[in-house]
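Heads up: the structure comes next, in structure tokens.
Just so we're on the same page: letters track the sequence lines, and every chain starts at 1.
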Amino acid sequence: MLTKAPRGTRDLLPEDCAKWLHVEELFRKICERFGYREIRTPTFEHTELFQRGIGEATDIVEKEMYTFLDKSGRSITLKPEGTAPVVRAFIEHKLFNEPLPAKFFYISPCFRYERPQAGRLREFHQFGVEAFGSPSPSIDVEVIALAVLFLEKLGLSQLKVHINSLGCKRCREDYKKRLNEFLNNKKEFLCETCLVRLDRNPLRILDCKNEGCRKVLESAPVILDFLCDDCRKHFEQVKKELSAVGIKFEVDPGIVRGLDYYTKTVFEIISEELGAQSAVCGGGRYDDLIEECGGPPTPAAGFGMGVERLTLLLESKGLLKIDSWAMDAFIAIAGEEQREYGLRLLYDLRRDGFSAEIDVMGRSLKAQLKYASKIPAKYVFIIGEEEVETGKITVKDLSTGLQEKMTFEEAKALLKKR
RNA sequence: GUGGAUAUAGUUCAGGUGGUUAGAACGCCAGAUUGUGGCUCUGGAGGCCGUGGGUUCGAGUCCCACUAUCCACCCCA
């Protein structure tokens, strides 16, 4: 136990960190290009924020939260998703007084107590964006387009975008009623879990994979037929604008999302190569959430993207190969007599902004060369008796194997060139 | 939370029906005469065989429990 990371958690070793950093930097760049600014919220929040925000009847709130009492008896929960905390911060700091729309992005750890699986951990990480203040379909499209562009820039252009509309409070209630009536007459064909869902959250039945349930659903009422005029127009406009900006999509009435706050547009970006955990990104519009959390009525939309799933995908497609020289130079000394001379050059390089190392293992010159090519270093500066005397060091290019003698200043100029 | 599979060096894996000092490859370290990496050759270090019980004269091998990993369900990122 002592030397084992807790179940569902994992370490990112230096090699992993380099890859993550690469992906994170690209995400930041794309977000900024779209006018989204970074926001960081606490790792934990008051439990009630998630109970209210995500919805009491959801799986997340019912059985997946890391909830505990702190030393003064407050109920605290590690954030299971990124949206509710950003909404809370938006309200708390009265950011609705800033010019709207207010657009944020975040990179955040999230925690859910679930059975771990490939692409599903107890501590995982989400990239997310939230746009507050605009009811326009153009915002729904922007959020989807941001995700798509980001994935494209990473080299993932074949992912499928599925969209659906859940309508607003009013049309959804109508639909729920009709769906309930319909399903109540077909109870004998539904699986056990769906019978439970029938009372609690009938929408969930729509994405059941059970064969019997699927069959029943073929003739079930579809929410898209129940949208009110406003919601229908909104959805039509989203589709038009997606096409206008060149995003291919598929209308999928089966996506309902596991969080209660969604209204109108919902979407998922899916990869078939991830096994059961196929959703890389999921999001949509949530026009009522901010008001429900105590803020002024404010329409909003956003998404969350799973970093672990994303890197899993990139890794499997060989898109995370980061092979750069780790070091500009390695200072190799022929003997301990040259150490101080070497150290002077080493710190001169470091002060000048170059990356450089020197032997600290007492290795032979041969072993130093071997080590230098493993790190790998681009150049080795070899310092022996002769070099110290003449003031000209031997500079070896490890990629070509060629070497020549030059002054330290000339060597630095060489580093600068590459 | 439910069902199934798995657990042996740093890593990927061998170790028929239980029988002495548990192996390989890669990686790591060191050598192959005088100050030079990658290729090659040689040598070395490194494993209470996931943990704890049990059966047995004897368990890496059989049984049980626990833990972890993987897969499916559930759900989602």
Side-chain angles (χ1 to χ4, degrees), chain A residues 1-10 13 15 54 57-64 79-83 107-128 147 191-194 196-197 201 204-205 207-210 255-259 266 268-271 274-283 302-313 330 332-335 337-338 361-388 393-403:
Chain A
M1 282 299 96
L2 188 63
T3 53
K4 199 145 196 189
R7 180 164 210 206
T9 68
R10 63 175 202 179
L13 301 181
E15 211 179 313
I54 299 171
T58 59
D59 276 20
I60 294 179
V61 171
E62 251 174 22
K63 48 188 198 195
E64 296 174 3
K79 58 176 148 180
E81 57 104 42
T83 300
I107 299 174
S108 164
C110 295
F111 306 84
R112 290 184 203 170
Y113 190 86
E114 290 190 273
R115 193 99 164 232
Q117 219 170 292
R120 186 167 74 190
L121 297 166
R122 288 184 173 178
E123 181 190 26
F124 62 102
H125 300 262
Q126 277 192 359
F127 291 152
C191 70
E192 276 176 48
T193 41
C194 282
V196 180
R197 288 167 170 154
N201 200 340
R204 269 323 139 54
I205 298 177
D207 62 357
C208 183
K209 279 137 203 143
N210 181 286
I255 57 172
V256 291
R257 317 254 64 236
L259 301 94
V266 289
E268 283 179 6
I269 301 179
I270 288 170
S271 164
L274 282 174
Q277 270 60 53
S278 59
V280 180
C281 177
F303 72 69
M305 188 181 294
V307 183
E308 282 81 1
R309 287 182 193 178
L310 181 60
T311 50
L312 214 57
L313 251 184
F330 184 87
I333 50 177
E337 313 78 60
Q338 287 83 37
M361 300 297 287
R363 288 190 168 102
S364 66
L365 184 63
K366 191 191 184 93
Q368 290 179 55
L369 265 292
K370 202 179 235 181
Y371 174 76
S373 64
K374 273 179 202 163
I375 339 178
K378 175 81 169 149
Y379 293 99
V380 178
F381 291 1
I382 299 169
I383 321 272
E385 239 175 279
E386 193 190 324
E387 282 82 356
V388 173
I393 58 174
T394 300
V395 175
K396 177 160 188 157
D397 182 335
L398 284 183
S399 60
T400 62
L402 300 175
Q403 66 182 54

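Here the separation of B:rU67 from B:rG53, taken at their C1' atoms, is 14 Å to the nearest Å. The C1' atoms of B:rA59 and B:rU51 are separated by 16 Å, rounded to the nearest whole Å. Comparing the P positions of B:rC62 and B:rU8 gives an interatomic distance of 14 Å, to the nearest angstrom. The separation of B:rG4 from B:rG10, taken at their C1' atoms, amounts to 30 Å, rounded to a whole angstrom. Taking atom P in both B:rU21 and B:rC49, one finds a spacing of 14 Å when rounded to whole Å. Using atom P as the reference point in both B:rA72 and B:rC29, the two lie 39 Å apart (nearest Å). Remark: the separation of the C1' atoms in B:rC28 and B:rG19 is 34 Å, to the nearest Å. Here, B:rG60 and B:rA22 have their P atoms 10 Å apart, quoted to the whole Å.
Rounding to whole angstrom units, NZ of residue A:K4 and P of B:rA68 are separated by 8 Å. The separation between A:R7 atom CZ and B:rC66 atom P is 13 Å, rounded to whole Å. For the pair A:L13 CG and B:rU11 P, the computed distance is 11 Å after rounding to whole Å. One atom, CD of A:E15, and another, P of B:rG27, lie 15 Å apart when rounded to the nearest Å. Rounded to a whole Å, the CD1 atom of A:I60 is 13 Å from the C1' atom of B:rC74. If you take CG of A:L312 and P of B:rC70, they are 10 Å apart, rounded to a whole angstrom.
In this structure, A:R10 reaches neither bases nor backbone, as no heavy-atom distance under 4.0 Å exists between it and the strands shown. Across all strands shown, A:L121 has heavy atoms under 4.0 Å from base atoms, whether or not it also approaches the sugar-phosphate. When heavy atoms are screened at a 4.0 angstrom cut-off, A:G119 is found touching base atoms of the nucleic acid. Counting any heavy atom pair closer than 4.0 Å across all strands shown, A:C110 reaches no nucleic acid atom. Here A:A118 lies in heavy-atom contact (under 4.0 Å) with sugar-phosphate atoms only. In this structure, A:V307 reaches neither bases nor backbone, as no heavy-atom distance under 4.0 Å exists between it and the strands shown. If you check every strand for non-hydrogen atoms under 4.0 Å, A:E308 touches nothing. Across all strands, A:G8 comes closer than 4.0 Å only to sugar-phosphate atoms, never to a base (heavy-atom distances).
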message: Return a single string for nucleotides 1-6 of chain B, one symbol per nucleotide in 5' to 3' order, where B is base contact, S is sugar-phosphate-only contact and - is none, cutoff 4.0 angstrom on heavy atoms.
response: BBB---
field: Contact state string [nucleotides 36-50 of chain B, B base, S sugar-phosphate only, - no protein heavy atom under 4.0 Å]
entry: BBB------------
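Taking CD from A:E308 and CZ from A:R120, the interatomic distance works out to 13.0 Å, rounded to the nearest 0.5 Å. The distance from the SG atom of A:C281 to the CZ atom of A:F127 is 11.0 Å, given to the nearest 0.5 Å. The structure places CD of A:Q368 at 5.5 Å from CD1 of A:I333, a figure rounded to the nearest 0.5 Å. Note: A:F124 CZ to A:T9 OG1 = 13.5 Å, rounded to the nearest 0.5 Å. One finds the CD1 atom of A:I382 at 10.5 Å from the CZ atom of A:F330 (value rounded to the nearest 0.5 Å).
For the pair A:L365 and A:A332, the tightest heavy-atom approach, listed with the atom from each and the gap, is CD1-CB, 3.8 Å.
Proximity of a side-chain donor or acceptor of A:R309 to a complementary backbone N or O of A:G119 within less than 3.5 Å is detected. For A:R112 (side chain) and A:E123 (main-chain N/O), no donor-acceptor pair under 3.5 Å exists by modelled atom type.
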Structure string for RNA chain B in dot-bracket form, Watson-Crick and G-U at under 3.5 Å, | interchain: (((((((..((((.....[...)))).(((((.......))))).....(((((..]....))))))))))))....
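Taking only side-chain atoms of A:R309, from C-beta outward, the nucleotide of B:rC29, B:rA77, B:rG35 with the closest atom is B:rA77.
When the side chain to side chain donor-acceptor pair (under 3.5 Å) test is applied to A:Q403, no partner is found at least two apart in sequence or on another chain. In this structure A:S278 satisfies the side chain to side chain donor-acceptor pair (under 3.5 Å) test with no other residue, sequence neighbours excluded.
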All N/O pairs under 3.5 Å across the protein-nucleotides 7-10 of chain B interface:
none

